[in-house]
Amino acid sequence: MPEAENHAPNDFIRDIIDEDLKTNKHDGRVATRFPPEPNGYIHIGHAKSVCLNFGLARQYGGTCNLRLDDTDPAGESMEYVESIIRDVHWLGFDWGKGLYYASGYFERLYQFAVELIKKSDAYVCSLTPEEIREYRGSFTEPGRESPYRNRSVEENLDLFARMRAGEFADGSQVLRAKIDMAAPNVVMRDPVIYRIKRETHYRTGDEWVIYPMYDFAHCLSDALERITHSICTLEFENNRPLYDWIVERLIPAERPKQIEFARLNVSYTVLSKRRLIELVQNNHVHGWDDPRMPTVSGMRRRGYTPEAVRNFCAAIGVAKNDNLVDAALLEHCVRDDLNERAPRAMCVLRPLKVVIDNYPESQMEDFDCANHPQKPHMGTRKIPFSKVLYIERDDFMEDPPKKYNRLGPGREVRLRNAYVVKYQSMEKDEKTGEIRQINCTYDPATRNAPPADGRKVQGVIHWISAAHAVPAEVRLYERLFTVEDPGSMENCLEYLNPNSLTVLTTCYVEQSLKNPAPGSQYQFERLGYFCADEKDTKDGRPVFNRVVSLRDSWTKVAARG
RNA sequence: UGGGGAAUCGUUCAAUGGUAGGACAGCGGACUCUGACUCCGUCAAUCAAGGUUCGAAUCCUUGUUCCCCAGCCA
């Protein structure tokens with residue numbers, strides 16, 4: 001099954017690791033980590049990183065930690081931590097005992113900062129935030145040194161201790177690394193490494209009023225965990241010199257190698273945390289696990305499988321090119337996996353009543369239907385057939401085009417798994433002109449056989465016996481945005497797809513689907529893959545999400561005329 | 001503008017001086033009690049210009065385009 005995952009070609013990161021292994025770089029160890037900040041739910045882009053980091057550990061017999069990078073209490077919460085843990089597990093990965101929090105290192109990080117001060121490599125700066133920005137210079141102008149840059153070690157030690165003790169107002173002091181205000185890389189112009197922020201931390205409460213910055217905490221956390229390959233996204237490339245600068249001064253024996261790869265973008269959706277939070281908070285979607293969301297929770301609720309997501313991550317590869325991956329590839333991976341495992345069933349989305357004139361009023365037959373046409377071992381189930389049926393409204397046309405392989409006046413079609421029926425008449429609502437009912441006759445000889453005279457029928461359509469139909473709600477999903485690359489647009493909310501959700505409340509499913517297991521997936525034949533909504537499916541009243549439609553070559557033909 | 005990155009079919013990832021290949025998408029066909037699946041076929045790319053070489057996507061030179069960085073976010 002994980003064929004795609006195993007046969008993925010080597011990428012540049014694996015090349016680097018192979019080389020490191022060859023030179024016995026870290027005694028042959030491979031240790032990675034997945035380091036999300038718990039300030040949102042993880043999404044398909046994170047899944048790429050999860051598959052990469054945990055996949056590397058798996059492939060090289062190494063380890064991969066899950067580390068919550070929680071150095072900024074604003075916006076972080078336990079709810080997010082729990083969602084991340086659940087989602088990474090669901091994706092199929094486990095970190096064993098390797099669950100860590102940057103906040104778990106706060107005391108050690110503080111001591112490292114003290115050490116840096118003692119080496120004269122850090123100082124407390126009393127400039128205002130605005131002044132710090134001004135002093136930083138610009139891309140073309142070097143920065144200017146802070147007037148506080150040359151405070152004595154003793155004074156810095158005292159000031160830093162008092163920062164921790166809460167003697168200063170938020171934003172009034174910071175600890176900065178003493179590097180080079182004229183560095184061409186602005187990251188190296190005496191970066192702030194600690195700030196004062198009176199905000200309750202979801203784990204450490206009010207124990208701290210100072211918090212380390214990412215650049216200080218992340219590299220040291222990596223080194224403390226003896227990470228060998230610290231894999232992150234391209235935007236951190238500029239920070240790598242600082243990463244190395246800090247670790248070299250504090251834990252030189254354990255310097256991990258930071259390697260950057262291109263973050264994932266997927267067409268017709270957004271993947272920036274800011275954008276996703278916006279969608280949730282402004283109620284453009286119904287929460288982080290809305291099936292339209294590209295979050296792991298959203299995909300799970302939608303009915304995607306972890307295998308499909310992993311296969312997708314293997315298929316997109318890992319490189320340093322900016323990319324916008326076609327959402328069709330994700331859908332392909334989902335179909336590919338669900339085609340293998342989803343039992344088939346019948347569902348009528350928009351019912352149209354059909355009466356079989358020559359079928360006895362009181363008669364009922366059970367048909368044995370294959371749960372999977374290519375997989376006999378998946379068994380069969382009984383489906384009742386009777387005089388009054390529902391078919392899909394789309395499967396009847398009063399005046400069909402030539403290539404229409406369905407029912408219409410004078411036409412004959414196969415009812416899937418049942419008889420061939422022939423059109424006889426229709427009833428219309430006199431006022432609206434809406435077709436209310438179709439009358440057909442059936443050919444009793446066609447139960448498990450083609451028409452005896454060898455005549456070809458127009459096609460095969462699905463159906464539900466009216467007397468046995470189970471009412472269901474079905475939710476159809478389409479892409480969230482109408483433009484390919486909404487993430488690149490400032491006003492992307494204007495391009496939200498108004499049809500991203502269609503709720504159908506008058507659907508019928510076959511009896512076997514009366515009480516589906518929450519989250520279970522099915523292929524509704526000729527329609528697509530659907531899953532029983534894990535939250536809203538109630539006893540005897542199923543709710544299905546359309547995971548993805550079946551590949552459809554008909555709408556294209558129809559559109560051409 | 002200074003620094004850091006990246007440029008290969010429509011999209012995405014390979015090819016590590018020696019036949020530019022795969023996947024997705026597209027197109028055409030076969031099969032079919034799912035207009036699905038499967039199968040077969042097909043279209044289609046080395047940013048540009050020079051140079052080195054028997055041979056260049058790969059090495060060199062020059063140029064072009066795109067992305068990232070001036071948070072006390074990560």
Side-chain angles (χ1 to χ4, degrees), chain A residues 4 7-11 15 35-37 39 69-72 74-75 125 127-129 132-134 136-143 170-176 183-189 191-197 210-211 213-215 217-218 232-241 260 262 267 273-274 314-326 328-333 335-336 339-340 344 346 370 372-374 403-406 413-418 420 446 448-450 457 459-462 523-528 549-558:
Chain A
H7 293 307
N10 237 29
D11 52 66
D15 287 345
E37 184 188 12
N39 65 348
D69 212 347
D70 53 359
T71 56
D72 180 2
C125 182
L127 254 23
T128 64
I132 287 182
R133 184 168 13 92
E134 285 165 25
R136 189 149 35 222
S138 70
F139 290 148
T140 47
E141 302 281 319
D170 286 14
S172 64
Q173 318 283 342
V174 290
L175 186 70
R176 302 176 71 175
N185 180 354
V186 294
V187 168
M188 299 299 273
R189 321 244 259 229
V192 172
I193 57 177
Y194 262 94
R195 76 283 214 184
I196 303 172
K197 199 165 193 169
I210 58 172
Y211 293 96
M213 298 287 290
Y214 164 85
D215 284 309
H218 194 93
C232 62
T233 43
L234 247 28
E235 64 269 29
F236 292 102
E237 224 153 14
N238 296 313
N239 303 51
R240 184 168 9 119
E260 309 86 6
S267 61
K273 200 116 62 161
R274 198 198 101 218
I316 58 177
V318 178
K320 300 187 75 158
N321 303 329
D322 289 329
N323 59 76
L324 180 61
V325 174
D326 194 340
L329 180 59
L330 217 204
E331 296 190 341
H332 163 78
C333 292
R335 287 191 189 104
D336 199 40
N339 179 46
E340 293 294 314
R344 282 30 345 188
M346 288 202 279
H372 193 299
Q374 282 84 36
K403 290 176 180 168
Y404 185 80
N405 297 334
R406 310 180 195 181
V413 295
R414 159 80 63 182
L415 294 177
R416 175 75 170 154
N417 293 313
V420 167
T446 56
N448 269 315
V457 298
V460 183
I461 65 173
H462 57 278
Q523 185 198 95
F524 292 168
E525 289 194 275
R526 303 210 310 129
L527 296 175
S549 66
L550 248 31
R551 233 174 130 244
D552 174 20
S553 52
W554 162 244
T555 42
K556 268 176 266 181
V557 175

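Below, read A as the first sequence line, B as the second, and so on, with proteins coming before strands; counting in each chain starts at 1.
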Give one of base, sugar-phosphate or nothing for [X], where a contact means two heavy atoms less than 4.0 Å apart.
{"X": "A/Arg414", "result": "base"}
{"X": "A/Phe236", "result": "base"}
{"X": "A/Ile132", "result": "base"}
{"X": "A/Val457", "result": "nothing"}
{"X": "A/Asn321", "result": "sugar-phosphate"}
{"X": "A/Ala183", "result": "nothing"}
{"X": "A/Tyr404", "result": "base"}
{"X": "A/Pro241", "result": "nothing"}
{"X": "A/Ser138", "result": "base"}
{"X": "A/Asp72", "result": "sugar-phosphate"}
{"X": "A/Ile316", "result": "sugar-phosphate"}
{"X": "A/Asp15", "result": "base"}
{"X": "A/Thr555", "result": "nothing"}

Between [N] and [M], how far apart are the two [atom1] atoms, rounded to whole Å?
{"N": "B/U46", "M": "B/A7", "atom1": "C1'", "result": "10 Å"}
{"N": "B/U12", "M": "B/A44", "atom1": "C1'", "result": "14 Å"}
{"N": "B/G17", "M": "B/G55", "atom1": "C1'", "result": "8 Å"}
{"N": "B/A6", "M": "B/G71", "atom1": "P", "result": "25 Å"}
{"N": "B/C72", "M": "B/G18", "atom1": "P", "result": "48 Å"}
{"N": "B/U19", "M": "B/A14", "atom1": "C1'", "result": "15 Å"}
{"N": "B/C43", "M": "B/U11", "atom1": "C1'", "result": "15 Å"}
{"N": "B/G35", "M": "B/G29", "atom1": "C1'", "result": "15 Å"}

Practice item. Quick one: list whatever passes side-chain contact (heavy atoms from CB on, under 4.5 Å) with A/Met213, sequence neighbours left out. Key: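 For A/Met213, the residues satisfying side-chain contact (heavy atoms from CB on, under 4.5 Å) (neighbours in sequence not counted) are A/Val192, A/Arg195.
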Practice item. Name all residues meeting the side-chain contact (heavy atoms from CB on, under 4.5 Å) criterion together with A/Pro142; count only those two or more places apart in sequence or in a different chain, and write none if there are none. Key: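 For A/Pro142, the residues satisfying side-chain contact (heavy atoms from CB on, under 4.5 Å) (neighbours in sequence not counted) are A/Ala182.
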Practice item. Fill in the dot-bracket string of RNA chain B, one character per base: . for unpaired, | for a pair to another strand, ( ) or [ ] for pairs within the strand, taking Watson-Crick or G-U pairs under 3.5 Å. Key: .((((((..((((....[..)))).(((((.......)))))....(((((..]....))))))))))).....
All salt bridge (Lys or Arg N to Asp or Glu O under 4.0 Å) counterparts of [X], not counting sequence neighbours:
{"X": "A/Arg414", "answer": "none"}
{"X": "A/Arg344", "answer": "none"}
{"X": "A/Arg416", "answer": "A/Glu525"}
{"X": "A/Arg526", "answer": "A/Asp395"}

Check your understanding: If each of A/Asn323 and A/Glu525 is mapped to the nucleotide of RNA chain B with the nearest heavy atom, which maps nearer the 5' terminus, i.e. the 5' end?
Key ->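 Checking each residue's closest nucleotide, the 5'-ward one belongs to A/Asn323.
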Check your understanding: RNA chain B: A/Gln173 or A/Gln523, which has the more 5' nearest nucleotide?
Key ->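 Result of the comparison: A/Gln523.
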Exercise for review: Indicate syn or anti for B/G21, taking the glycosidic torsion and treating anything within 90° of 0 as syn.
Suggested key: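 Nucleotide B/G21 adopts anti.
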**Study point:** Non-neighbouring partners of A/Asn39 that pass side chain to side chain donor-acceptor pair (under 3.5 Å), sequence neighbours left out
**Key:**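 A/Asn39 satisfies side chain to side chain donor-acceptor pair (under 3.5 Å) with A/Glu37, A/Lys273 once adjacent residues are dropped.
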Quick one: pull up [atom1] in [X] and [atom2] in [Y] and give me the separation to the nearest 0.5 Å.
{"X": "A/Asp215", "Y": "A/Ile193", "atom1": "CG", "atom2": "CD1", "value": "9.5 Å"}
{"X": "A/Leu527", "Y": "A/His462", "atom1": "CG", "atom2": "NE2", "value": "4.0 Å"}
{"X": "A/Arg551", "Y": "A/His332", "atom1": "CZ", "atom2": "NE2", "value": "9.5 Å"}

**Study point:** Close side-chain approach of A/Leu415 and A/Ile461, heavy atoms under 4.5 Å
**Key:**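 In contact.
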Check your understanding: Using a heavy-atom cut-off of 4.0 Å to chain A, what are the terminal contacting nucleotides of RNA chain B, in 5' to 3' order?
Key ->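 Terminal contacting nucleotides, 5' to 3': B/U1 to B/A74.
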